[in-house]
S.K.: 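My questions all concern the structure below.
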Amino acid sequence: MSVLLNCQSISKSYGARYLFKGLSLTISKGDRIGLIGLNGCGKSTFLKILAGIEEPEEGGLVLRRGLRVGYVPQTCEFDDLSLQKILVDAVIDDIPDYEKERLADNMLRKLGFKGNEPSAEKLSGGWKKRLRLAVELMKDPEILLLDEPTNHLDLEGILWLEEFLKNEALTYLVVSHDRFFLQGVTNRVIEIDKTYPEGIFAIDCSYKDFLHQKELFIKGQLQQEKRVATKVRRETEWLRAGVKARTTKAQSRIDEAGEIMDEYADLKKRNKQTQAKIDFEGTKRETRKLLVAKNLSKAFGERLLFSNLDFTLSPGTRIGLMGHNGSGKTTLLSLLEGKLETDTGTIKKAEDLKIVYFDQHRIKLPLDSTLKDALAPNSEYVSFRGSKIHINAWAKRFLFEPDLLKTPIKRLSGGERARITIAHLMLQPADILLLDEPTNDLDIPTLETLEESLLDFPGAIVLISHDRCLLDRVCNSVLAFGDPKKTQVFADYNQWKAWVRSSSKPAPVEVKKEKTSNSYAKKKELEKIERKIAKLEKIIQELNKKLEDTAIANSPEKLSKICDEIALHEAQVTQLYITWEEIES
């Protein structure tokens, strides 16, 4: 494959703080790279350097002559212009205006625009992201750089983007913390982390295989640390015994001992693993019914969001809310919190119920205020679970070093600001957590820690997230919004996904119910259902046998497809049994 871009030993810092140092990377035609790393490690800055927006302080960047690079930032803003006008202005080739307009219209249709959208300035965040992608594609880039492209997209939008990138013959580098997305769209994974000798770890493989290779590398490096530690002890004992003669050989051994000690210190520093300590505090309430919602409905003007919605929140209930942007997910959280009133129905809460709400727009912090002001305003301590914790220790709990406490908020990454919000929430005991997109901007290690904390939380959780891995691990039921007259209920994320793939409705098996009290007709109808159930159960049995095939078990795509089919057929069997009971009664 031909090399398109090469950077050698590039470094970037802000003040005395190095984001990264001595990074080297080559991008070749056909690469579909996923770039990961801790919040604040410099991923966005690295992309800006590759795009030519910023300059490295050290090192060099070499691009193939005439290389066209497209760049889609995290946040996209536009003037009050038509979508066609913005795309026409993006065309760099010298072609007639009518041809530019034709290309613009084709691109808008390709990216899912219907032609009746408002001006670009009035688009939602997700559609602005699509429009910026369209703008960059109009330039026919040879490399596309995407910074957190799934942010602001609803789940349907993420699935669309995933399919789009799979089907287009593009070379791209994407920064993302969405693990399912990385598995679906990359053939090479790169992590920026000081754990690695060169500060970067690159493997040509899927994200799942990358995790395996990373685990092997870390284990090997830990073993290396143990071996070098043994050498250090031996050389230290020799040095303490004293050197009898200042021979060249003795001096050489002293120099070698120094090198071994330096190597040990470097390995020890790189092997030190740190994770945010996220631990939401429950109230230890023993009430079985924390909140009961009956017959809820909500509309804005003539637009109905949802109706006839019933559910109960008990300790251990973890509900995921699914649906496109604007379908009513955040509105439901506001109803549960008490900020909005229902149009119909009731919400009955347990006495002295404590609800903690995570707002997707985060706490509004003055950008010029410092990290210390945000974590512990006007104090050197925070009170957590009845104990006072010094600001330095509290900051370290969320992966902030004490020397960053005077850093202005505006200098922190989106993920670092998200950790500040989580720190605020942890100070509040809760019976119910209402979480609106808590995963935006969080790095993968922090996401995994958040997942473990939510699984351990003793109360109830209602969660909005486009992170499919989080939904899959945490939620034990799913409410699917979209049809205002009926909110669908699913056992888990995979069952919801099977429904979305199969049809626009939850694929109940259609059974004709004849209006007759005739016992013979009733008997025939039940026999018909029985045959259908037997047929479906045979299909499910055959699909389960396929899961034992090692070729399928080792293929994430084939495995996911079969699991989806099983979930779909099981849902159909359940619907048939419900119909059976209705006819019987």
Side-chain angles (χ1 to χ4, degrees), residues 150 153-159 177-181 183 278-280 282 288-293 296 306 309-325 327-337 355-360 418 422 425 430-440 442 444 446-483 486-501 506 560 563-564 566-568 570-571 574:
T150 62
L153 294 182
D154 55 25
L155 201 46
E156 286 82 355
I158 293 172
L159 294 172
H177 302 306
D178 187 322
R179 291 155 286 180
F180 277 26
F181 182 74
Q183 176 65 24
I278 300 172
D279 187 9
F280 293 107
R288 293 311 304 162
K289 291 184 179 180
L290 301 173
L291 182 149
V292 178
L296 299 187
F306 51 82
L309 183 56
D310 300 326
F311 59 88
T312 299
L313 296 182
S314 301
T317 301
R318 298 189 294 272
I319 298 177
L321 305 185
M322 314 289 284
H324 57 79
N325 290 341
S327 62
K329 303 187 300 295
T330 298
T331 299
L332 178 60
L333 292 191
S334 297
L335 292 176
L336 299 179
E337 188 188 16
I355 296 177
V356 169
Y357 186 97
F358 183 100
D359 185 355
Q360 66 172 313
I422 292 173
L425 296 185
D431 297 305
I432 297 174
L433 293 176
L434 305 178
L435 306 175
D436 192 353
E437 296 290 2
T439 63
N440 277 351
L442 292 180
I444 291 172
T446 307
L447 278 173
E448 291 170 346
T449 304
L450 176 63
E451 286 169 4
E452 295 300 328
S453 177
L454 294 179
L455 287 168
D456 291 338
F457 179 67
I461 298 169
V462 184
L463 168 68
I464 301 172
S465 179
H466 61 243
D467 190 301
R468 290 162 287 173
C469 190
L470 180 86
L471 291 166
D472 189 41
R473 284 198 66 198
V474 171
C475 295
N476 50 28
S477 63
V478 170
L479 296 182
F481 289 75
D483 182 350
K486 187 177 182 183
T487 302
Q488 304 290 343
V489 182
F490 297 93
D492 56 23
Y493 165 75
N494 283 319
Q495 196 179 71
W496 172 86
K497 185 172 70 170
W499 169 63
V500 169
R501 285 185 174 179
S560 176
C563 288
D564 288 347
I566 291 172
L568 175 60
E570 285 178 345
T574 301

S.K.: Does T487 reach the main-chain N or O of D483 with its side chain, forming a donor-acceptor pair under 3.5 Å?
M.R.: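 No; zero donor-acceptor contacts below 3.5 Å.
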S.K.: Check side chain to side chain donor-acceptor pair (under 3.5 Å) between D178 and all other residues, then give those that pass, not counting sequence neighbours.
M.R.: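 Partners of D178 by the side chain to side chain donor-acceptor pair (under 3.5 Å) criterion come out as none, since no residue qualifies.
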S.K.: Under the rule for salt bridge (Lys or Arg N to Asp or Glu O under 4.0 Å), what residues qualify as partners of R318, not counting sequence neighbours?
M.R.: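 With neighbours one apart ignored, the set is empty.
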S.K.: Run the salt-bridge test on K329 and E437 with the 4.0 Å N-O cut-off and return the result as yes or no.
M.R.: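 Looking at K329 and E437, the cut-off is not met.
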S.K.: Holding to side chain to side chain donor-acceptor pair (under 3.5 Å), I want the full list of residues that pass it with E156, two or more places apart in sequence or in another chain.
M.R.: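 With neighbours one apart ignored, the set is empty.
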S.K.: Could you list the residues that satisfy side chain to side chain donor-acceptor pair (under 3.5 Å) with E337, not counting sequence neighbours?
M.R.: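 With sequence neighbours excluded, E337 shows a side chain to side chain donor-acceptor pair (under 3.5 Å) to no residue whatsoever.
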S.K.: Residues in side chain to side chain donor-acceptor pair (under 3.5 Å) with T446, at least two apart?
M.R.: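 In terms of side chain to side chain donor-acceptor pair (under 3.5 Å), with neighbours along the sequence ignored, T446 is linked to D443.
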S.K.: With T449, which residues qualify under side-chain contact (heavy atoms from CB on, under 4.5 Å), at least two apart?
M.R.: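 If we apply the side-chain contact (heavy atoms from CB on, under 4.5 Å) test to T449, skipping adjacent residues, the hits are Q275, I278.
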S.K.: Of all residues at least two apart in sequence or in a different chain, which pass the ring pair (Phe, Tyr, Trp, His ring centres under 6.0 Å) check with F481?
M.R.: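 Listed in chain order: F306.
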S.K.: Quick one: list whatever passes side-chain contact (heavy atoms from CB on, under 4.5 Å) with I355, sequence neighbours left out.
M.R.: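 Per chain and number, I355 pairs via side-chain contact (heavy atoms from CB on, under 4.5 Å) with K349, L353, I432, L434.
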S.K.: Working to the nearest 0.5 Å, report the span between OG of S465 and OH of Y493.
M.R.: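 Reported value, rounded in 0.5 Å steps: 10.5 Å.
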S.K.: Could you list the residues that satisfy side-chain contact (heavy atoms from CB on, under 4.5 Å) with D456, not counting sequence neighbours?
M.R.: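 Checked D456 against side-chain contact (heavy atoms from CB on, under 4.5 Å); zero matches.
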S.K.: Please list, chain by chain and in numerical order, all residues satisfying side-chain contact (heavy atoms from CB on, under 4.5 Å) with S314, sequence neighbours excluded.
M.R.: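 With sequence neighbours excluded, S314 shows a side-chain contact (heavy atoms from CB on, under 4.5 Å) to T312, T317, given in chain and number order.
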S.K.: State, to 0.1 Å, how close P438 and I464 come at their nearest heavy-atom pair, and which atoms those are.
M.R.: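 Closest heavy-atom pair between P438 and I464: CD-O, 3.4 Å.
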S.K.: Check the pair D492, D472 against side-chain contact (heavy atoms from CB on, under 4.5 Å), reporting the backbone distance first and the verdict last.
M.R.: CA-CA 7 Å; D492 56 23; D472 189 41; 5.6 Å; no
S.K.: Distance from L463 atom CG to L454 atom CG, nearest 0.5 Å?
M.R.: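 L463 CG to L454 CG: 7.0 Å, rounded to 0.5 Å.
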S.K.: Report the residues that fulfil salt bridge (Lys or Arg N to Asp or Glu O under 4.0 Å) with E448, sequence neighbours left out, ordered by chain and then residue number.
M.R.: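 Listed in chain order: nothing, the list is empty.
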S.K.: At their closest point, which heavy atom of E451 faces which heavy atom of L470, and how far apart are they?
M.R.: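 For E451 and L470, the tightest heavy-atom pair comes out as CG-CD1, 3.0 Å.
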